[in-house]
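First up is the structure itself, then whatever we jot down about it.
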Amino acid sequence: MNNNYWWLSINPKMLRFRDLEVGDLFYYTALNEDGSLRTLYKNFTEIKKGDFVIAYETEPANEVIGLCKVVEEIKNDKVMFEKIEGLTDTLTRYTIERHIELANLEVFRYTQGTLFKLAPREYEVIYSM
């Protein structure tokens, strides 16, 4: 089975990813606080158990802070993740934006959103950085 790769933008006011231990589970809902579908809702429906996820903390940090794996596909509009790694050397959005192979990331094409698809090569480049 081929895995897919994703970028999860985490608002630290909603989830303190840095405080989670490796192995801890957490979920993200495919709905906004008002109950409407999130931007790119289709990504929540396409995510599969075993997929790998880049964990990115939004404002004020704006940096990649860890890695996750999908442990449960969408159910009741929620996707369950497991923290598999926390990064001590974080990677800033500024650095990522300037990498030639990452210029067209889906996350950079939308002003709003939570879950973005990554091509396998994009994931590899971010992971190697």
Side-chain angles (χ1 to χ4, degrees):
M1 181 175 96
N2 289 341
N3 293 106
N4 290 312
Y5 302 93
W6 305 93
W7 171 295
L8 180 66
S9 291
I10 299 170
N11 180 338
K13 294 176 187 157
M14 307 287 277
L15 174 70
R16 295 286 306 152
F17 184 86
R18 294 173 196 263
D19 294 343
L20 297 175
E21 298 291 327
V22 169
D24 283 353
L25 302 180
F26 65 97
Y27 72 86
Y28 244 79
T29 177
L31 304 177
N32 290 311
E33 290 178 15
D34 65 4
S36 64
L37 299 180
R38 286 193 186 274
T39 303
L40 298 173
Y41 176 82
K42 71 173 181 61
N43 287 350
F44 282 89
T45 65
E46 293 175 5
I47 201 165
K48 300 287 182 230
K49 183 176 180 176
D51 286 356
F52 292 97
V53 182
I54 298 287
Y56 174 83
E57 186 174 285
T58 61
E59 297 284 340
N62 293 318
E63 57 192 11
V64 172
I65 58 172
L67 300 172
C68 310
K69 197 168 192 175
V70 178
V71 294
E72 190 174 290
E73 296 168 21
I74 193 165
K75 185 165 79 176
N76 299 324
D77 290 313
K78 295 176 183 172
V79 174
M80 186 71 67
F81 300 92
E82 176 186 0
K83 180 176 181 175
I84 59 173
E85 188 175 339
L87 303 180
T88 50
D89 294 329
T90 57
L91 183 60
T92 66
R93 182 180 176 120
Y94 179 84
T95 302
I96 295 167
E97 287 175 331
R98 272 133 194 84
H99 194 289
I100 190 137
E101 288 188 82
L102 302 175
N104 292 313
L105 288 182
E106 186 175 62
V107 69
F108 298 150
R109 296 194 308 264
Y110 291 86
T111 57
Q112 297 290 312
T114 303
L115 185 66
F116 303 92
K117 190 159 187 59
L118 292 171
R121 180 65 186 151
E122 292 169 337
Y123 178 87
E124 289 170 13
V125 171
I126 294 169
Y127 186 83
S128 69
M129 292 172 73

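Note that the structure is a prediction, hence the values are computed from the model and not measured.
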In Å and rounded to the nearest 0.5 Å, what is the [atom1] to [atom2] distance from [X] to [Y]?
X	Y	atom1	atom2	answer
Arg93	Thr95	CZ	OG1	12.0 Å
Glu72	Glu82	CD	CD	12.5 Å
His99	Glu97	NE2	CD	13.5 Å
Lys117	Glu122	NZ	CD	10.0 Å
Cys68	Asp24	SG	CG	11.0 Å
Asn62	Leu91	CG	CG	12.0 Å

Side-chain heavy atoms nearer than 4.5 Å, only ILVMFWY residues, links allowed to pass through others: does that put [X] and [Y] together?
X	Y	answer
Leu67	Ile65	no
Ile84	Ile10	no
Tyr127	Leu87	yes
Tyr110	Leu115	no
Val79	Tyr27	no

Any idea which heavy atoms bring [X] and [Y] closest together, and the distance?
X	Y	value
Glu63	Thr92	CB-CA, 3.9 Å
Gly113	Ser9	O-CB, 4.0 Å
Ala30	Ile74	CB-CD1, 3.9 Å
Arg109	Asn104	NH1-O, 2.5 Å
Thr90	Val64	CB-O, 3.3 Å
Arg38	Thr29	NE-O, 2.6 Å

Check whether any side-chain heavy atom of [X] lies under 4.5 Å from a side-chain heavy atom of [Y], and answer yes or no.
X	Y	result
Asp51	Glu73	no
Leu105	Ile126	yes
Leu40	Phe116	yes

Next on the checklist: Go through it in stages, so that I can follow the logic: the residues are Leu31 and Leu37, the test is side-chain contact (heavy atoms from CB on, under 4.5 Å), and I'd like the CA-CA distance, side-chain angles, deciding distance and then a yes or no.
Outcome noted: CA-CA 5 Å; Leu31 304 177; Leu37 299 180; 3.6 Å; yes
Could you check whether atom [atom1] of [X] has more than 12 heavy atoms from other residues, nucleotides or ligands sitting under 6.0 Å from it?
X	atom1	value
Asp19	CG	yes
Lys42	NZ	yes
Met14	CE	no

Checklist entry - Does Lys83 make a cation-pi contact with Phe26 (under 6.0 Å, within 45 degrees of the axis)? => result no
Checklist entry - Would you call the rings of Tyr123 and Phe52 parallel, tilted or perpendicular if under 30° counts as parallel and over 60° as perpendicular? => result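 Judged by the thresholds at 30° and 60°, the geometry between Tyr123 and Phe52 is tilted.
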Checklist entry - Could you go step by step and tell me if Val53 and Phe81 meet the side-chain contact (heavy atoms from CB on, under 4.5 Å) rule? => result CA-CA 9 Å; Val53 182; Phe81 300 92; 3.8 Å; yes
Next on the checklist: Walk me through whether Leu118 and Glu106 qualify under side-chain contact (heavy atoms from CB on, under 4.5 Å).
Outcome noted: CA-CA 7 Å; Leu118 292 171; Glu106 186 175 62; over 6 Å; no
Checklist entry - Between Asn43 and Trp6, does any side-chain donor sit less than 3.5 Å from a side-chain acceptor? => result no
Item to check | Any side-chain donor near an acceptor of the partner, Asp77 and Tyr41, under 3.5 Å | outcome: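 There is such a pair (donor and acceptor under 3.5 Å, judged by atom type) between the side chains of Asp77 and Tyr41.
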Item to check | Expected output: side-chain Asp34 to main-chain Ser36 donor-acceptor under 3.5 Å | outcome: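 Between the backbone of Ser36 and the side chain of Asp34 there is a qualifying donor-acceptor contact (under 3.5 Å).
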Item to check | Donor-acceptor contact present, side-chain Asn11 to main-chain Lys13, <3.5 Å | outcome: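 Yes.
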Next on the checklist: Ile54 vs Leu8, test: side-chain contact (heavy atoms from CB on, under 4.5 Å). Steps then yes/no.
Outcome noted: CA-CA 6 Å; Ile54 298 287; Leu8 180 66; over 6 Å; no
